[in-house]
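Structure, as structure tokens:
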Amino acid sequence: MSSAAFKVAVLGSGISGAVCASTLARNGISVTLFESARGPGGRMSQRREKTEDGKELHFDHGAPFFSVSKSEVLNLVQEWESRSLVAEWKEKFGSFDFHARKFNNIEQESLSKRYVGVPGMNSICKALCNESGVESKFGASIGKIEWLDDEKLWSLIGVDGQNLGQFKGLVASDKNIVSPRVAEVTGRLPPLDIKFVPEISEKLHNLPVKPCFVVMLAFAEPLSKIPVKAFSFENSKVLSWAYCDSSKPSHSTASERWILHSTAEYAEDIIAQTGLKKPSDSTLNKVAEQLFQEFQGTGLNISQPFFKKAHRWGSAFPAASIAQENKCLWDRNKRVAICGDFCVSPNVEGAIDSGLAAALRLKESLSSL
């Protein structure tokens, strides 16, 4: 069978799925990418918000940046750099001790390059999802995935019951594809029945995650008392990270925009009170106020922002790596791969590495057809 006749469905347009789809397409494989959201990116998506007076604000509210240590990932990132999809973020980082009320470990020079997407973190996924050979379908939620044993094909059905096609191979970059957690959040069964992929399902079952709330802030004036543009927090039960999004290369400097990340413990406490379903506006407003008050509690003369909004990442950050050796979960007989940062390492590089591995597995499986 020719590779052009080998149709693969990729579920999810985060960096892992987007890298996998792009790599497959470059190898002559026909790819249809399905994404339930309106646009690409997953945790690398960029949030667009409008202020009361109509100003548009952009926030990289998931992964703030990424570093690279593996040569095969670096080769890809350098290609993105040559296409102006990424740039190095050269600002100084540090940490802030809440007990001592002072900054520590302000770096003189970064030990490794920090890359950001330009003009937003989602720029990379957007470009990869638009490459030749990738047909991207956004706003397409998968309701059911069936394995047709007689035809040796995967059949995809939308949540609305629509037939979305049949595929020789399947890649999912969503760790919740077989998780009962889906039912708790959406009220629907997970799209992939564990009976089709029992070994893979077992590895994904009860995968630990770290929830996180983020708060997006916009200020009319720079926060001049803060000596760095990104810093971690020591001895805070509420905040883990703060970074100045508007200090990144090619980002708008019309206002100073900061993003706060909560600790996992804080997020778990809120979720224990409110449940896994999408948080209400009142919950998000309460979280935004609590995280901002903690930020003000640093004593760094932080003024009131003209924009303040919270977002919850319920299960985006994995707390374990389940396929470090193989880099993805793979069933050769059914030609299905599960990839993502939860396979290799809980960061952007891990997600890229896993997406490349899944593409390689599917490409190699062509030789047996």
Side-chain angles (χ1 to χ4, degrees), residues 1-35 40-44 66 68 70-80 83 85-86 124-137 142 145 152-154 156 165 167-175 177 192 197 200 203-204 321-345 347-369:
M1 180 177 286
S2 72
S3 59
F6 188 86
K7 287 176 63 181
V8 171
V10 175
L11 312 186
S13 69
I15 191 68
S16 198
V19 162
C20 182
S22 165
T23 305
L24 288 169
R26 289 184 180 198
N27 282 278
I29 297 166
S30 176
V31 178
T32 306
L33 183 145
F34 297 92
E35 170 57 62
R43 207 171 78 227
M44 290 181 74
F66 64 97
V68 180
K70 297 177 180 177
S71 57
E72 60 269 33
V73 178
L74 185 59
N75 290 339
L76 196 55
V77 172
Q78 286 173 337
E79 183 211 315
W80 297 342
R83 294 166 60 188
L85 297 176
V86 302
I124 308 162
C125 297
K126 202 181 283 186
L128 298 179
C129 291
N130 282 318
E131 284 193 352
S132 175
V134 180
E135 181 188 5
S136 294
K137 297 187 175 183
I142 308 298
I145 302 167
K152 305 297 181 204
L153 293 171
W154 288 101
L156 268 58
F167 301 88
K168 278 282 184 188
L170 175 69
V171 179
S173 59
D174 181 359
K175 56 187 168 293
I177 192 164
L192 183 57
V197 286
I200 285 177
K203 287 176 181 168
L204 283 170
S321 304
I322 58 174
Q324 284 178 311
E325 192 175 329
N326 296 320
K327 300 183 180 180
C328 67
L329 301 177
W330 171 243
D331 184 322
R332 187 171 60 86
N333 294 325
K334 293 191 174 79
R335 294 181 299 278
V336 56
I338 312 287
C339 62
D341 55 1
F342 52 91
C343 288
V344 183
S345 56
N347 51 36
V348 174
E349 182 176 33
I352 295 169
D353 203 15
S354 186
L356 287 170
L360 181 62
R361 294 283 190 180
L362 277 159
K363 178 172 164 270
E364 287 174 343
S365 72
L366 282 173
S367 60
S368 63
L369 294 177

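Everything quoted here is computed from the prediction, not taken from an experiment. All residue numbers refer to positions in the sequence shown, counting from 1. The basis for the numbers below is simple: all heavy atoms, side chains too, and nothing from hydrogens, waters or symmetry mates.
The structure places OG1 of T23 at 8.0 Å from CG of L128, a figure rounded to the nearest 0.5 Å. Separating the CG atom in D174 from the CG atom in L11 is a distance of 8.0 Å, to the nearest 0.5 Å. Rounded to the nearest 0.5 angstrom, E35 CD and S173 OG are separated by 7.5 Å. I142 contributes atom CD1, which lies 4.5 Å from atom CG of L156 (distance to the nearest 0.5 angstrom). Separation of atoms OG (S365) and CG (L360) is listed at 10.0 Å; rounding is to 0.5 Å. If you take OG on S345 and CG on D353, they are separated by 7.0 Å, rounding to the nearest 0.5 Å.
V134 and C129 get closest at one heavy-atom pair: CG1-O, 3.6 Å. Counting all heavy atoms, side chain and backbone alike, G355 lies closest to V19 at C-CG1, 4.2 Å. The two atoms that bring L85 and I124 nearest to each other are O-CG1, 4.0 Å, heavy atoms only. Residues L329 and C343 share a closest heavy-atom pair of N-SG, 4.2 Å.
In this structure, K7 forms a cation-pi arrangement with F167, its terminal cationic atom sitting closer than 6.0 Å to the ring centre and no more than 45° off the ring axis.
Shown are P40, S22, S13; of these, the side-chain contact (heavy atoms from CB on, under 4.5 Å) with C125 is made only by P40.
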Apply the test side chain to side chain contact (heavy atoms under 4.5 Å, CB included) to residues F66 and V73: give CA-CA distance (whole Å), side-chain angles for both, the deciding distance (0.1 Å), then the verdict. CA-CA 11 Å; F66 64 97; V73 178; 6.0 Å; no
Run L153 and K168 through side chain to side chain contact (heavy atoms under 4.5 Å, CB included) and show every step you take. CA-CA 5 Å; L153 293 171; K168 278 282 184 188; 3.8 Å; yes
Pair D341-R43, side chain to side chain contact (heavy atoms under 4.5 Å, CB included): steps then yes or no: CA-CA 11 Å; D341 55 1; R43 207 171 78 227; 2.8 Å; yes
Does I29 form a side chain to side chain contact (heavy atoms under 4.5 Å, CB included) with L362? I'd like the steps, not just the answer. CA-CA 9 Å; I29 297 166; L362 277 159; 5.5 Å; no
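Counting only distance, with no hydrogens or angles, the side chain of S16 and the backbone of A351 share a donor-acceptor pair below 3.5 Å. Under a 3.5 Å cut-off, the side chain of R335 and the backbone N or O of K152 do form a donor-acceptor pair. Side chain of S354 to main chain of K327: a donor-acceptor pair is present (N/O by atom type, distance under 3.5 Å, no hydrogens or angles). Judged purely by atom type and a 3.5 angstrom limit, W154 uses its side chain to pair as donor or acceptor with the backbone of K334.
Residue R332 qualifies as open at atom CZ: its count of foreign heavy atoms under 6.0 Å is 12 or below.
Between E349 and K70 no salt bridge is recorded (no basic side-chain N to carboxylate O distance below 4.0 Å).
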